Amino acid sequence: MSSYREIEVEVKGGVLSVGVWGDSGPVVLCSHGITSNRQSFKLVAEALAGRCRVIVPDHRGRARSAAITGPWGMLAHAEDMVAVLDALSLEAADLMIGHSMGGFITTATQANYSTRIKQVLLVDGGLPLFDEVPPGVTPEQLIEQIIGPSMQRLGMRFDSMDDYRDYWRQHPAFARDEDWQAFCDYLPSDLVGEPGDLHAPINKEAIILDTESQLMSDVIPRSLERLTVRLNFLQAPRGIMDDEPLYSDDRLDELQARYPAMCWQPVPDVNHYTIVMGPKGAAAVVEQAVSLLNLD
């Protein structure tokens, strides 16, 4: 079994908690989604750890990095990723993988610190979802429209882990037994507190301002124009509620025409969650990472 350890990295506003799987080989830096934490990459990290060193922080405002006071936004996260590399005395990551919001962080990191990220793999995130936000929509309204129950749970309290599992069991993204079991293994990392007051360790202000940064500002469009590497993208053909995808084929073709360095492909039979957190999706991400790193 590969080794796992945790380190703490001083960053602006507090301390970033980071998980490290493996001890040697190419460096793979991973970036998780907007209401998630590093354990969402557990299947990917464990599969790669025998051949790579896989580094996954809990992003500022989440999980064991929840106490960080700010700043928020994609550029703050990008600075954190570089701080993690510095703390581990690493000149660069051979590959950075970003899922959902983590894809936007990956885009911003490579564009602004190009010598520190040699390759990128965006997993159902990191590209503009739309070209214009409807007038009058606030960041909080926008993220609630996109992620639904994941946002709603931030204000909820649960009596027990069983109650939390019951809350998630009705979610259509985890209807398959193998995906549900993998998600159950993740769920303990998603709560803090005592029985009767169990809640998600997530700073709501961070969620809202990160949404504004990734979807309502010019940070990502400007970053995409400045990328110095090929933009590898894996699409989930089903979305957050196991329904329409976040990125349709037409949207991805449009973006590919806009960004010639982009190369995208679908991962069959997964949704926005299970493309990383389910066994089938994680295996596809690992396969792509192995190919990009020439580990075959």
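Predicted model, so just to flag it, every value in this text is computed and none were measured.
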Novice: Is it true that the side chains of Ser217 and Glu212 contain a donor and an acceptor less than 3.5 Å apart?
Specialist: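 On atom types as modelled, these side chains do not qualify, holding no pair under 3.5 Å.
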Novice: Of Thr274, Asp269, Asp243, which meets side-chain hydrogen bond (donor to acceptor under 3.5 Å, both in side chains) against Arg238?
Specialist: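 Single side-chain hydrogen bond (donor to acceptor under 3.5 Å, both in side chains) partner of Arg238 among Thr274, Asp269, Asp243: Asp269.
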Novice: Within a reach of under 6.0 Å around CG of Asp197, are more than 12 heavy atoms found that belong to other residues, nucleotides or ligands?
Specialist: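 Correct, the count exceeds 12.
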Novice: Check for a donor-acceptor pair, side chain of Gln119 on one end and backbone N or O of Leu292 on the other, with a separation under 3.5 Å.
Specialist: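 Checked: pair present.
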Novice: I need the minimum non-hydrogen distance between Ala182 and Leu43, along with the two atoms involved.
Specialist: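 Nearest heavy atoms, Ala182 then Leu43: CB-CD1, 4.2 Å.
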Novice: Do the side chain of Arg251 and the main chain of Leu246 share a donor and acceptor less than 3.5 angstrom apart?
Specialist: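 No; zero donor-acceptor contacts below 3.5 Å.
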Novice: Classify the side-chain pair Arg38/Ser17 by whether it contains a donor and acceptor separated by less than 3.5 Å.
Specialist: yes
Novice: Start with the C-alpha gap between Lys280 and Glu178, add the side-chain angles, then the distance that decides, and say whether salt bridge (Lys or Arg N to Asp or Glu O under 4.0 Å) holds.
Specialist: CA-CA 9 Å; Lys280 182 178 294 186; Glu178 61 269 28; 5.8 Å; no
Novice: Just by modelled atom types, is the Ala173 backbone N or O under 3.5 Å from a matching donor or acceptor in the Asn271 side chain?
Specialist: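 Between the backbone of Ala173 and the side chain of Asn271 there is a qualifying donor-acceptor contact (under 3.5 Å).
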Novice: Do Ile105 and Tyr113 belong together in a cluster built from hydrophobic side chains that touch within less than 4.5 Å?
Specialist: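 No, separate clusters.
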Novice: With the 4.5 Å side-chain cut-off for hydrophobic clustering, are Leu95 and Val20 part of the same group?
Specialist: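 Per the 4.5 Å side-chain linkage, Leu95 and Val20 are co-clustered.
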Novice: Apply side-chain contact (heavy atoms from CB on, under 4.5 Å) to residues Thr228 and Gln110 and explain how you reach the verdict.
Specialist: CA-CA 8 Å; Thr228 62; Gln110 207 290 320; 2.8 Å; yes
Novice: Can you confirm whether more than 12 heavy atoms, excluding those of Arg230, are under 6.0 Å from its CZ atom?
Specialist: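 For Arg230, atom CZ is not crowded (no more than 12 foreign heavy atoms under 6.0 Å).
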Novice: Distance check, rounded to the nearest 0.5 Å: Ser24 atom OG versus Arg53 atom CZ?
Specialist: 7.5 Å
Novice: Is there a path of hydrophobic side-chain contacts, each under 4.5 Å between heavy atoms of I, L, V, M, F, W or Y residues, that connects Tyr259 with Leu129?
Specialist: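 Same cluster: Tyr259 reaches Leu129 through Ile, Leu, Val, Met, Phe, Trp or Tyr contacts under 4.5 Å.
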Novice: May I ask you to check whether Tyr273 and His171 place their ring centers less than 6.0 Å from one another?
Specialist: yes
Novice: Would you say CD of Glu8 has more than 12 non-hydrogen atoms from neighbouring residues, nucleotides or ligands within 6.0 angstrom?
Specialist: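 Count not over threshold, so no.
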Novice: Could you tell me which non-hydrogen atom of Ser36 sits nearest to which non-hydrogen atom of His32, and how far apart they are?
Specialist: O-CE1, 3.2 Å
Novice: Under 30°, 30 to 60°, or over 60°: which ring-plane class applies to Phe183 and Trp180, parallel, tilted or perpendicular?
Specialist: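 Answer is tilted, since the angle falls between 30° and 60°.
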Novice: Could you grab the distance from atom CG of Leu154 to atom CG of Asn203, nearest 0.5 Å is fine?
Specialist: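 Reported to 0.5 Å precision, the distance equals 9.5 Å.
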Novice: Main chain of Leu122, side chain of Thr106: is a donor-acceptor contact present, judged purely on distance under 3.5 Å?
Specialist: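 No, because the side chain of Thr106 does not come within donor-acceptor range (under 3.5 Å) of the backbone of Leu122.
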Novice: Just by modelled atom types, is the Ile34 backbone N or O under 3.5 Å from a matching donor or acceptor in the Arg62 side chain?
Specialist: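 Answer holds: yes.
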Novice: Please give me the minimum heavy-atom distance between Met161 and Leu191, naming the atom from each residue.
Specialist: CE-CD1, 3.7 Å
Novice: Given side chains that start at C-beta, do those of Val285 and His99 come closer than 4.5 Å, heavy atoms only?
Specialist: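 No, every pair of side-chain atoms sits at 4.5 Å or beyond.
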Novice: Would you say the side chain of Pro201 lies within less than 4.5 Å of the side chain of Asp58, judging by non-hydrogen atoms?
Specialist: no
Novice: Under the side-chain contact (heavy atoms from CB on, under 4.5 Å) rule, what do Ser213 and Leu75 come out as? Steps first, then yes or no, please.
Specialist: CA-CA 8 Å; Ser213 176; Leu75 296 180; 5.9 Å; no
Novice: What is the distance from atom CG of Leu209 to atom CD of Glu140, rounded to the nearest 0.5 Å?
Specialist: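 Reported value, rounded in 0.5 Å steps: 10.5 Å.
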Novice: Determine whether a donor-acceptor pair (N or O, by modelled atom type, separation under 3.5 Å) exists between the side chain of Arg60 and the backbone of Gly70.
Specialist: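 Indeed, once roles are kept as given, a pair shorter than 3.5 Å links the two residues.
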Novice: Please confirm whether the backbone N or O of Glu91 pairs with a side-chain atom of Arg116, one donor and one acceptor, at under 3.5 Å?
Specialist: yes
Novice: Test your reading of the model: is there a side-chain donor-acceptor pair from Ser40 to the backbone of Asn37, 3.5 Å cut-off?
Specialist: yes
Novice: Can you tell me how far CZ of Arg258 sits from CG of Leu224, rounded to the nearest 0.5 angstrom?
Specialist: 9.0 Å
Novice: Strictly by modelled atom types, are Asp249 and Gln235 linked by a side-chain donor-acceptor pair under 3.5 Å?
Specialist: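 Side chains of Asp249 and Gln235: pair found under 3.5 Å.
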Novice: Does one hydrophobic cluster hold both Val28 and Leu90, with members joined at side-chain heavy-atom distances below 4.5 Å?
Specialist: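 Val28 clusters together with Leu90.
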Novice: Per the ring-ring contact (aromatic ring centres under 6.0 Å, His included) rule, which among Phe233, Trp264, Phe130 passes with Tyr247?
Specialist: Phe233
Novice: If you look at every heavy atom in Gly102 and Ser31, which pair is closest and at what distance?
Specialist: CA-OG, 3.1 Å
Novice: Less than 4.5 Å apart, any side-chain heavy atom of His272 and any of Met277?
Specialist: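 The answer is no, as the side chains (C-beta and beyond) never meet within the 4.5 Å cut-off.
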Novice: Among Leu293, Val286, Val27, Val290, find the one that has a side-chain contact (heavy atoms from CB on, under 4.5 Å) with Cys52.
Specialist: Leu293
Novice: Do the side chain of Arg226 and the main chain of Asn112 share a donor and acceptor less than 3.5 angstrom apart?
Specialist: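 Answer holds: no.
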Novice: Can you check salt bridge (Lys or Arg N to Asp or Glu O under 4.0 Å) on Asp162 and Arg165, steps first, answer last?
Specialist: CA-CA 5 Å; Asp162 286 341; Arg165 278 192 289 268; 2.3 Å; yes
Novice: For the residue pair Val56 and Trp21, establish whether any side-chain heavy-atom pair is separated by less than 4.5 Å.
Specialist: yes
Novice: Just wondering, do Ile55 and Val18 contact through their side chains at under 4.5 Å, heavy atoms?
Specialist: yes
Novice: Answer with yes or no whether the hydrophobic clustering places Ile202 together with Val11; edges join I, L, V, M, F, W, Y residues whose side-chain heavy atoms lie under 4.5 Å apart.
Specialist: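 Yes, it is one cluster - the side chains of Ile202 and Val11 are joined through contacts under 4.5 Å.
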Novice: Would Glu254 and Asp131 count as a side-chain contact (heavy atoms from CB on, under 4.5 Å) if you check the C-alpha gap in whole Å, the side-chain angles of each, and the deciding distance to 0.1 Å?
Specialist: CA-CA 11 Å; Glu254 176 188 343; Asp131 290 329; 3.5 Å; yes
Novice: With a 3.5 Å distance limit and no angle check, can you tell me whether Thr107 reaches the backbone of Gly103 through a side-chain donor-acceptor pair?
Specialist: yes
Novice: Would you call Phe41 and Ile97 a side-chain contact if the rule is heavy atoms closer than 4.5 Å?
Specialist: yes
Novice: To the nearest 0.5 angstrom, please state how far the CD atom of Gln214 sits from the CG atom of Leu142.
Specialist: 9.0 Å
Novice: Search all heavy atoms of Met151 against all heavy atoms of Ile207 and return the closest pair with its distance.
Specialist: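 Scanning both residues, the minimum pair turns out to be SD-CG2, 3.6 Å.
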Novice: Looking at side-chain heavy atoms only, is the closest gap between Val120 and Thr109 below 4.5 Å?
Specialist: no
Novice: How close do Pro172 and Met241 get, heavy atom to heavy atom, and via which atoms?
Specialist: CG-O, 3.3 Å
Novice: Any side-chain heavy atom of Thr211 within less than 4.5 Å of one from Ile208?
Specialist: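 The answer is no, as the side chains (C-beta and beyond) never meet within the 4.5 Å cut-off.
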Novice: Between His77 and Asp210, is there a side-chain donor-acceptor contact under 3.5 Å, judged purely by atom types and distance?
Specialist: yes
